[in-house]
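Along the sequence shown, the residues carry numbers beginning at 1. Just so you know, ligand 1 is whichever comes first in the structure, and atom 1 is the first atom listed for that ligand.
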Amino acid sequence: MTTETANTTLKPETMQAITALTKRFPQPDGALLTALRIAEREVGFINPHVCEQVAEAIGMAPAKVWGVVSFYSTFRRDTDGKYIVYVCSTLPCALRGSERVFDHLAGKLGIKNGQTTPDGKFTLRKAECLGSCGTAPCLQVNQDEYYEGLSLQMVDEIIEDLGNDKCPARHHTV
Ligand code: FES
């Protein structure tokens with residue numbers, strides 16, 4: 001999805017919902033992450049225009065909102081591919097071979113950390129702990145699919161299935 005094809009203007013009711021949410025917090029920035037998720041759900045991603053509207057609804061400076069979006073790698077951007085593949089790079093996963101998983105994926109997809117394949121299908125990102133340390137190494141696809149105890153063969157199968165828009169078999173949904 002791109003800014004050229006997507007309407008990035010939030011609905012009036014969404015703006016009102018964000019403003020109402022803000023009133024439930026002593027400081028407006030307490031509502032920011034939830035407000036951004038609401039906006040992301042509606043538009044499909046966060047870009048500067050979406051940030052400006054969220055900032056207006058909350059009463060914060062747009063630059064501050066964009067700074068928060070930039071800090072969190074899990075907000076979808078308008079330049080992201082259909083499947084964002086997050087590879088955990090925190091120590092327990094690193095000790096169990098996550099670097100090898102990441103390098104394998106980078107080589108297979110022909111992209112580096114943060115990049116998107118030319119066909120717009122995959123974005124690859126290193127991530128901090130994905131909360132599944134006991135089944136390291138693991139990766140996450142988009143917001144709700146976990147793949148754990150990875151081998152390189154499993155990684156190949158996951159990418160092949162996603163490339164065909166099939167839900168890969170070995171996964172745990174959060
Ligand atoms: S360290 Fe990888 S999931 Fe926690």
- Message: Arg37 vs Thr74, test: side-chain hydrogen bond (donor to acceptor under 3.5 Å, both in side chains). Steps then yes/no.
- Response: CA-CA 10 Å; Arg37 286 292 177 215; Thr74 55; 2.9 Å; yes

- Task: Using a strict 4.0 Å threshold on nitrogen-to-oxygen distance, state whether Lys166 and Glu157 make a salt bridge.
- Result: no

- So with a 6.0 Å cut-off around CD of Glu56, is the heavy-atom count from everything else above 12? no

- Nearest heavy-atom neighbours spanning Tyr147 and Pro168: OH-CD, 3.3 Å

- Could you please give the number of protein N/O/S atoms within less than 2.8 Å of atom 4 (Fe) of ligand 1? 2

- Please answer whether the main-chain N or O of Gly81 pairs with a side-chain N or O of Arg76 as donor and acceptor at a distance below 3.5 Å. yes

- Message: I need the minimum non-hydrogen distance between Phe122 and Ile111, along with the two atoms involved.
- Response: O-CD1, 3.9 Å

